[in-house]
Amino acid sequence: MKIFVTDHDGVEHELEALEGWRVMEVIRDWELPIKAECGGACSCATCHVFVDPEWLPKLHEASDEEEDMLDTVPDVEPNSRLSCQILMSEELDGLKVRLAPSAKPETAAA
Amino acid sequence: MNDMSVNETVTDVVIIGGGPVGLFAIFELGLLDLKCHVIDILDRPGGQCAELYPEKPIYDIPGFPEISGQELTDNLIKQAEPFGPVYHFNRMVTGLEKLDDGSFVVTTDEGEVFRTKVVVIAAGGGSFQPKRPPVPGIEEYEGKSVFYSVRRMDDFRDQDLLIVGGGDSALDWTLNLQPIAKSLTLVHRRDAFRAHPDSVNKMRALADEGKINFVLGQIGSLQGEDGQLQSVHIKTGDGEQIIHATRLLPFFGLTMKLGPVADWGLNLHENLISVDTEKFETSVPGIYAIGDINSYPGKLKLILSGFHEAALMAQAAKRIVHPDEKVVFQYTTSSTKLQKKLGVA
């Protein structure tokens with residue numbers, strides 16, 4: 001199965017995903033820039049992505065915990081989700097998300 | 001009078017970062033008779049365990065089938081206690097300089113100076129700093145009319161205040177600053193809060209009485225001149241609202257930034273400090289990096305990896321601080337010497 005991830009420069013990447021993996025883990029595994037500093041514990045909101053509006057209804061609703069963490073996202077939009085809280089499954093094959101500016105890691109020092 | 005010596009602390013080791021790995025380093029260094037000072041930007045020990053997930057259970061600490069971030073922190077502090085570490089919280093290490101004699105001078109943003117033989121960087125993902133809204137040009141307002149914390153309440157007296165966020169900081173400061181502000185608007189993205197229910201009720205009462213203005217939305221852009229804020233555009237569900245404001249307080253919590261570590265001349269690899277796997281020494285002899293902040297082939301960012309790194313680092317640090325002493329490898333189960341240091345024999 002696959003997901004499509006648009007990076008901070010607007011380039012779309014097609015990534016191979018595995019069932020049961022968190023979308024954050026797929027993005028990180030393919031070395032696209034995502035901070036994800038708490039490592040998937042729904043505790044930092046630095047794996048924030050914008051979900052393509054067509055795909056939004058296919059996701060389970062955000063838990064109270066995820067909503068609470070989304071409160072700490074300064075660039076939140078109605079289609080904001082934490083990618084560590086989206087588990088890959090057959091229904092999400094082809095999911096499209098865009099990396100959020102607030103989840104961008106610091107650029108490596110020169 | 002020599003100003004340099006006034007505020008100078010002399011020690012064996014300065015540990016930068018008081019997370020689980022920094023705390024365990026006190027223990028391992030202590031068994032080898034090395035004295036530690038620990039500096040951390042947070043107001044309490046525990047690092048990520050305390051700031052991000054104090055209540056979350058951790059399942060991969062050896063010997064603990066389940067332990068919370070806070071319990072682990074408390075245990076590590078207790079374990080380090082016999083070695084009398086000195087903690088310095090609410091400070092960021094800003095300067096690190098190596099002297100000709102091989103020792104180091106460590107300075108903080110509070111003006112303290114430490115003279116030390118060994119530096120251990122256990123800074124995790126860097127220092128915790130406020131999340132900054134990605135609003136263009138916000139930098140020029142920061143420190144003048146945009147603040148991420150309240151140091152002096154008086155700075156907000158008689159101001160038109162805009163507070164953004166839905167957590168305890170946003171709610172507490174809404175309640176505390178309302179009586180002295182000229183006007184106060186609270187902006188949050190939804191009509192639900194992750195703050196103490198009592199604070200939420202008090203805030204709602206103030207809004208009902210018309211003493212504060214509560215707006216559902218998020219910050220769009222800032223307008224002002226020379227760092228002096230005049231108004232803020234708020235994106236709401238059905239459009240945009242312009243709110244007159246002379247002070248802005250965004251409360252989106254903390255995130256980690258590498259910070260000054262990047263300026264200390266250490267070899268870095270993708271914002272992590274490169275170390276060897278024998279001593280966990282950086283490219284500068286005498287400076288070690290352990291835990292999440294280091295990088296080496298096969299590195300796993302696990303707390304348990306950091307514990308292992310602390311133990312090996314301590315052996316190397318010992319040789320620097322006491323070069324003439326023979327280091328005998330001992331176990332805490334059998335060594336009376338170690339047990340005396342731990343206060344159990």
Side-chain angles (χ1 to χ4, degrees), chain A residues 7-10 22 24-25 27-50 53 61-85 98-110, chain B residues 48-49 51-58 69 124-126 128-135 138 164-170 188-190 192-195 217-220 235 237 250-259 261-273 292 301-303:
Chain A
D7 66 21
H8 300 289
D9 298 321
R22 301 156 188 270
M24 177 275 283
E25 293 166 336
I27 295 169
R28 194 177 57 185
D29 203 53
W30 286 96
E31 299 186 347
L32 287 183
I34 191 158
K35 203 167 180 186
E37 66 190 10
C38 83
C42 196
S43 300
C44 73
T46 56
C47 66
H48 170 213
V49 294
F50 302 113
E61 280 195 25
S63 63
D64 288 349
E65 195 179 18
E66 185 181 343
E67 285 291 350
D68 281 354
M69 285 320 299
L70 282 167
D71 281 352
T72 71
V73 167
D75 54 351
V76 70
E77 295 289 344
N79 59 338
S80 289
R81 292 297 298 263
L82 300 185
S83 59
C84 76
Q85 298 301 300
R98 183 162 56 85
L99 301 179
S102 62
K104 192 177 179 179
E106 290 175 87
T107 48
Chain B
Q48 277 194 55
C49 285
E51 177 60 33
L52 292 183
Y53 43 82
E55 310 300 335
K56 291 246 157 106
I58 309 172
F128 276 103
Q129 289 173 23
K131 282 185 191 166
R132 165 197 262 183
V135 175
I138 194 166
V164 192
D168 280 308
S169 302
H188 182 44
R189 71 179 187 102
R190 59 180 180 139
F193 297 84
R194 61 182 197 291
Q218 64 177 115
I219 336 178
K235 287 187 265 178
F251 290 117
F252 292 111
L254 303 177
T255 187
M256 290 179 282
K257 299 222 163 108
L258 188 59
V261 174
D263 307 325
W264 296 338
L266 306 172
N267 284 355
L268 300 180
H269 174 72
E270 291 176 356
N271 263 356
L272 299 166
I273 302 171
D292 282 1
K301 284 191 185 184
L302 293 176
I303 293 172

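The structure presented is a predicted model; accordingly, all values stated were derived computationally and were not measured. To find a chain, count down the sequence lines: A is the first, B the second, and so on, and within it residues start at 1. Hydrogens, waters and symmetry mates play no part in the numbers below; they use all other heavy atoms, side chains included.
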Discussion item. Can you tell me which portion of B:Ala170 sits under 4.5 Å from chain A's heavy atoms? Options are side chain, backbone, both or neither.
Written reply: neither
Item to complete: Side chain from CB out, backbone as N, CA, C, O: work out which of these in B:Lys301 comes under 4.5 Å of a heavy atom of chain A, or both, or neither.
Response: neither
Worksheet item: Can a salt bridge be assigned to the pair A:Glu65 and B:Lys56 using a cut-off of 4.0 Å between side-chain N and carboxylate O?
Response: yes
Discussion item. Holding to ring pair (Phe, Tyr, Trp, His ring centres under 6.0 Å), I want the full list of residues that pass it with B:Tyr53, two or more places apart in sequence or in another chain.
Written reply: none
Practice prompt. Can you tell which part of B:His188 gets under 4.5 Å to a heavy atom of chain A, answering side chain, backbone, both or neither?
Written response: side chain
Fill in: Which portion of B:Ile219 sits near chain A, non-hydrogen atoms under 4.5 angstrom
neither
Item to complete: Determine, for A:Asp64 against B:Arg194, whether the closest basic-nitrogen to carboxylate-oxygen distance falls under 4.0 angstrom.
Response: no
Fill in: A:Asp75/B:Arg132 ion pair, N-O < 4.0 Å
no
Discussion item. Can you tell me which of B:Gln48, B:Glu51, B:His269, B:Lys257 forms the most heavy-atom pairs within a distance under 4.5 Å of chain A?
Written reply: B:Lys257
Practice prompt. Keeping to residues at least two apart or across chains, list the salt bridge (Lys or Arg N to Asp or Glu O under 4.0 Å) pairs with something in residues 37-50 of chain A.
Written response: A:Lys35-A:Glu37
Worksheet item: Where on A:Ser102 is there a heavy atom nearer than 4.5 Å to chain B: the side chain, the backbone, both, or neither?
Response: neither
